[in-house]
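Worksheet for the structure shown next.
Just so it is clear, the structure is predicted and the values come from calculations on it, not from any experiment.
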Amino acid sequence: MEKPNRVGIMGGTFDPIHFGHLVTAEEARINFKLDKVVFVPAGNPPHKKNYKVSDAEHRYLMTALAINSNPYFEVSRIEIERSGYTYTVDTLRQFVDIYGRDTSLFFITGADAVLDILTWKDVKDVLSYCNFIAATRPGYPVNRLKEKLAEIKELYGTHVYLLEVTAMAISSTEIRRRIKEGISIKYLIPENVEAYIIKNGLYR
């Protein structure tokens, strides 16, 4: 198989994955001419200490179901197979080892996460391994974000691109709340993911 030149990495807990994630990944693929997007369900993220994340195997399988109709999407077990807290820097290091320095990596994440990026572990390495695509919803107040992007550019020379995505208004938190309260989640997540959630009694 030919080596990809540009690879998107879509990080997240995907608890559960929804159309906001899928549309964001597809928009990033098209707008940034990515050869593919690899979804990386978070293993044991340190920033979720106060929230019990669902079992990693459930989140991996839901992600696999959600992307199976898109030939440009893949799902990785890199983080869920790593023990202890999982940090983005270690994940990116593994992707650099897999693809080599000739492949450009683009880490796709929410704009809110980018605001905290300078607090991430080994941030200098993180910003040297990839460019970032910060997804925002329409109407998102970008002024504070632009100040942070300018700071990152000045300190590390790393590009952080903004990508406005309408479907970013959907959230996993809202979907979990709806399921718990017995409210419909149709048209917010793929049907096969909804069927998986019902079959396994998740988020009740």
Side-chain angles (χ1 to χ4, degrees), residues 7-29 31-32 34 37-54 56 59 63 66 73 75-76 78-80 82 85-96 104-176:
V7 173
I9 300 169
M10 184 83 181
T13 49
F14 304 128
D15 194 17
I17 191 167
H18 53 67
F19 281 125
H21 298 123
L22 298 171
V23 172
T24 299
E26 183 68 355
E27 289 290 300
R29 184 184 73 80
N31 281 277
F32 294 90
L34 306 178
V37 176
V38 183
F39 286 70
V40 184
N44 186 13
H47 64 287
K48 297 285 185 180
K49 288 175 184 173
N50 298 322
Y51 155 62
K52 188 178 182 306
V53 179
S54 297
R59 293 184 289 108
T63 305
F73 287 175
V75 59
S76 167
I78 278 180
E79 285 207 359
I80 64 175
R82 194 183 309 147
Y85 284 130
T86 46
Y87 294 94
T88 300
V89 66
D90 299 320
T91 301
L92 291 173
R93 195 172 286 129
Q94 281 187 262
F95 275 104
V96 170
S104 297
L105 300 179
F106 293 78
F107 193 87
I108 307 162
T109 189
D112 289 340
V114 172
L115 287 173
D116 296 327
I117 201 168
L118 294 179
T119 67
W120 292 11
K121 182 187 175 190
D122 297 338
V123 63
K124 187 175 179 181
D125 287 343
V126 168
L127 294 170
S128 74
Y129 289 144
C130 66
N131 295 301
F132 277 76
I133 299 171
T136 69
R137 61 185 181 277
Y140 183 89
V142 296
N143 287 344
R144 186 173 162 222
L145 186 60
K146 284 183 176 175
E147 289 175 12
K148 180 66 70 175
L149 303 192
E151 183 183 353
I152 292 169
K153 176 73 175 171
E154 184 176 340
L155 286 172
Y156 300 102
T158 302
H159 289 287
V160 181
Y161 303 97
L162 291 176
L163 176 66
E164 189 174 277
V165 182
T166 302
M168 278 297 290
I170 303 173
S171 78
S172 297
T173 302
E174 173 65 10
I175 290 170
R176 292 195 302 272

_Contact check, side chains of Ile78 and Phe95, non-hydrogen atoms, under 4.5 Å_ = yes
*Are the side chain of Arg176 and the backbone of Asp15 linked by a donor-acceptor contact shorter than 3.5 Å?*
yes
*Between CZ of Phe107 and OG1 of Thr158, what distance do you get to the nearest 0.5 Å?*
13.5 Å
*Could you grab the distance from atom CD1 of Ile133 to atom CG of Leu162, nearest 0.5 Å is fine?*
10.5 Å
*Once you round to the nearest 0.5 Å, how far does NZ of Lys124 lie from OH of Tyr156?*
7.5 Å
*Between Glu151 and Glu154, is any pair of side-chain heavy atoms under 4.5 Å apart?*
no
*Looking only at heavy atoms, what is the nearest atom pair of Ser172 and His18, with distance?*
OG-CD2, 3.4 Å
*For residues Glu79 and Ala42, report the shortest heavy-atom separation together with the two atoms involved.*
OE1-CA, 3.2 Å
*Checking side-chain contact (heavy atoms from CB on, under 4.5 Å) for the pair Arg137/Glu164: CA distance, chi angles, key distance, verdict?*
CA-CA 6 Å; Arg137 61 185 181 277; Glu164 189 174 277; over 6 Å; no
*asked:* Please evaluate residues Thr63 and His21 with respect to the criterion side-chain contact (heavy atoms from CB on, under 4.5 Å), reporting the C-alpha separation (whole Å), side-chain torsions for both, the decisive distance (0.1 Å), and the verdict.
replied: CA-CA 10 Å; Thr63 305; His21 298 123; over 6 Å; no
*Looking at side-chain heavy atoms only, is the closest gap between Asp90 and Tyr85 below 4.5 Å?*
no
*What's the verdict on side-chain contact (heavy atoms from CB on, under 4.5 Å) for Tyr87 and Val126, showing C-alpha distance, side-chain angles and the deciding distance?*
CA-CA 10 Å; Tyr87 294 94; Val126 168; over 6 Å; no
*Ile17 versus Phe39: any side-chain heavy-atom pair under 4.5 Å?*
yes
*How close do Tyr161 and Asn131 get, heavy atom to heavy atom, and via which atoms?*
CE1-CB, 4.1 Å
*Are Leu145 and Val160 close enough that some pair of their side-chain heavy atoms sits under 4.5 Å apart?*
no
*Over all atoms of both residues, closest heavy-atom pair of Ala28 and Ile108*: CB-CD1, 3.7 Å
*How many angstroms lie between CD in Glu26 and CG in Asn31, if you round to the nearest 0.5 Å?*
10.0 Å
*Determine, stepwise, if the pair Phe132 / Leu149 fulfils side-chain contact (heavy atoms from CB on, under 4.5 Å).*
CA-CA 10 Å; Phe132 277 76; Leu149 303 192; over 6 Å; no
*Measure the OG1-CG distance between Thr88 and Asp125 for me, rounded to the nearest 0.5 Å.*
12.5 Å
_Straight-line distance of Leu118 CG to Leu155 CG, nearest 0.5 Å_ = 6.5 Å
*Taking all atoms of both residues into account, what is the closest heavy-atom pair of Arg82 and Thr91, and its distance?*
NH2-OG1, 3.2 Å
*Relative to each other, are the rings of Phe106 and Phe32 parallel, tilted or perpendicular (30° and 60° limits)?*
tilted
*Heavy-atom pair of closest approach, residues Leu22 and Phe73*: O-CZ, 4.0 Å
